[in-house]
Amino acid sequence: MPELPEVETVRQSLESKARGLTIVEVKVLTPQVARAGVFEDFASALQGLKFLDFERRGKYLIAVLEKGLRLVVHLRMTGRWVYCAPEAPLAKHTHVIFKLSDGNELRFTDVRRFGGMEIVLAEDLDTHSALAKLGVEPLSESFTPEYLGELTRNKKAKIKSLILDQSRLAGMGNIYADEALFLAGIHPGREAATLSEEELRRLHTAIRQVLAEGIANRGTSFRDYVDGEGQQGQNQLSLKVYGRSNQGCVTCGTALGKLRIGGRTSVYCPNCQGGR
DNA sequence: CGGACGGCCTGGGAGC
DNA sequence: TGCTCCCAGGCCGTCC
């Protein structure tokens, strides 16, 4: 389940490994995963183009290619985009292989096939159906306690659902949402509008902190996630609530509770995050 | 309009 | 052991 820190870590890997390399050949093993956009054929549209850069927006990876093309990639839950040697064993569920000018390969793998990649013209990025809807980047300067206050004002929705809404805050997922709410001492089911200014400030700080730590730890490898070189992250060792229901709170020892909010499992400390 | 929920997929683990 | 069932959750479409 790659969220902002995982996607950012993959971006960093690919930038250091594949930036400046040319796509010599593209092999599409699962056509529905590789969407050609306005082009006739995915592979032939990309062949011969150089990877100029790798960018990220929310949980989307955007490979900047020559000729004004962008490859928009989403890993969803189990997607991997990994730079590897050509002799590396072919993983099951490998869907797209990019042969690179240095002799190595970029392989897109996705067990559940929720993820995928799409060729988009640079001038169409701003109006792209998915990218255009994304909200503010939580690690950018635009994300302030005041912005969080605007998001929650008069909102009856539960605070966790709100910070998971990609059209409001781009890049939060279930793991970092639970961790941020724990760090801020706020119950995930709290009605958003009831948060005090002090709580909004705490939540703002906590969101930035858990995301920054996630990046510093190169992502959370709880199940499937690996970085752009196939390496596991270390942030799973720092999780305080996610995946720890019924275990003791690291702060007070109380057994962590579990409930469903907006269809997602939420783990929290009934004592430290008790308020309403 | 916004919130809730099912569908998309497969593998892993629990329970029998 | 092997079968069934449930869960994992990002995003989209549908419904109310």
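Residue numbers begin at 1 in each chain, while the letters A, B, ... track the order of the sequences. Keep in mind that this is a model prediction, so the values were computed, not measured.
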Asker: Between A:Glu6 and A:Arg218, is the closest basic N to carboxylate O distance under 4.0 Å?
Answerer: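 Judged by the 4.0 Å cut-off on N to carboxylate O distance, A:Arg218 and A:Glu6 do not form a salt bridge.
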
Asker: Can you check the A:Lys133 NZ to B:dC1 C1' distance for me, whole Å?
Answerer: 14 Å

Asker: In whole Å, what separates the P atom of C:dC3 from that of B:dC9?
Answerer: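 Roughly 25 Å separates the two P atoms.
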
Asker: Starting at CG of A:Asn154 and ending at C1' of B:dG2, how long is that distance when rounded to a whole Å?
Answerer: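 From A:Asn154 CG to B:dG2 C1': 14 Å.
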
Asker: How many Å lie between CD on A:Gln236 and P on C:dA8, as a whole number?
Answerer: 18 Å

Asker: Using a 6.0 Å cut-off, check whether atom CD of A:Glu197 has over 12 heavy atoms from anything other than its own residue.
Answerer: no

Asker: Within this structure, what is the CG-to-P distance between A:Leu134 and C:dC11, rounded to whole angstrom?
Answerer: 8 Å

Asker: Where each pair must be Watson-Crick or G-U wobble with both distances under 3.5 Å, what dot-bracket representation of DNA chain C is obtained, with crossing pairs in [ ] and other-strand partners as |?
Answerer: .|||||||.|||||||

Asker: How long is the line joining CG of A:Leu164 and P of B:dC5, in whole Å?
Answerer: 15 Å

Asker: Run A:Arg80 and A:Phe108 through side chain to side chain contact (heavy atoms under 4.5 Å, CB included) and show every step you take.
Answerer: CA-CA 6 Å; A:Arg80 296 176 170 187; A:Phe108 181 81; over 6 Å; no

Asker: Specify the separation, in whole Å, of atom OH of A:Tyr176 and atom C1' of C:dG10.
Answerer: 15 Å

Asker: Tell me, for nucleotides 6-12 of chain B in 5' to 3' order, what letter each nucleotide earns: B for a base near a protein heavy atom under 4.0 Å, S for only sugar-phosphate near one, - for neither?
Answerer: --BBBS-

Asker: Can you identify which nucleotide, out of C:dC11, B:dG3, C:dG10, has its nearest atom closest to the A:Tyr60 side chain?
Answerer: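 Comparing C:dC11, B:dG3, C:dG10 against the side chain of A:Tyr60, the answer is C:dC11.
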
Asker: Out of A:Arg70, A:Arg56, A:Arg11, which residue meets the side-chain contact (heavy atoms from CB on, under 4.5 Å) rule with A:Ile62?
Answerer: A:Arg70

Asker: Between A:Arg190 and A:Thr194, is any side-chain donor less than 3.5 angstrom from a side-chain acceptor?
Answerer: yes

Asker: Measure the distance from CG on A:Asp165 to P on C:dG10 and round it to the nearest whole Å.
Answerer: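 So the CG-P distance, A:Asp165 to C:dG10, works out to 12 Å.
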
Asker: Taking it one step at a time, do A:Lys17 and A:Asp102 satisfy side chain to side chain contact (heavy atoms under 4.5 Å, CB included)?
Answerer: CA-CA 10 Å; A:Lys17 292 294 174 183; A:Asp102 70 346; over 6 Å; no

Asker: Can you see whether A:Glu118 engages A:His128 through a side-chain donor-acceptor pair at a distance of less than 3.5 angstrom?
Answerer: yes

Asker: With a non-hydrogen cut-off below 4.0 angstrom, is A:Lys156 in contact with a base, only sugar-phosphate, or nothing?
Answerer: nothing

Asker: Among residues 257-267 of chain A, which residues get a heavy atom nearer than 4.0 Å to DNA chain C?
Answerer: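 A:Arg260, A:Arg264, A:Thr265, in order of number.
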
Asker: For A:Leu239 and C:dA8, give me the distance from atom CG to atom P, rounded to whole Å.
Answerer: 15 Å

Asker: For A:Lys50, look at atom NZ and say whether over 12 heavy atoms of other residues, nucleotides or ligands are found less than 6.0 Å away.
Answerer: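 Open.
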
Asker: Hey, what's the ring geometry for A:Phe143 with A:Tyr147, parallel, tilted or perpendicular (30° and 60° as the breaks)?
Answerer: perpendicular

Asker: Can you establish whether the number of heavy atoms outside A:Glu123 located under 6.0 Å from its atom CD is more than 12?
Answerer: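 It does: A:Glu123 CD has more than 12 such atoms within range.
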
Asker: May I ask you to verify if any side-chain N or O of A:Gln166 is less than 4.0 angstrom from the OP1 or OP2 atom of C:dG10?
Answerer: no

Asker: Report the relative orientation of the aromatic rings in A:Trp81 and A:Phe54; use parallel for angles under 30°, tilted for 30 to 60°, perpendicular for over 60°.
Answerer: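 Because their plane-to-plane angle is over 60°, the rings of A:Trp81 and A:Phe54 count as perpendicular.
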
Asker: Strictly under 6.0 Å, is that where the ring centroids of A:Tyr268 and A:Phe182 end up?
Answerer: no

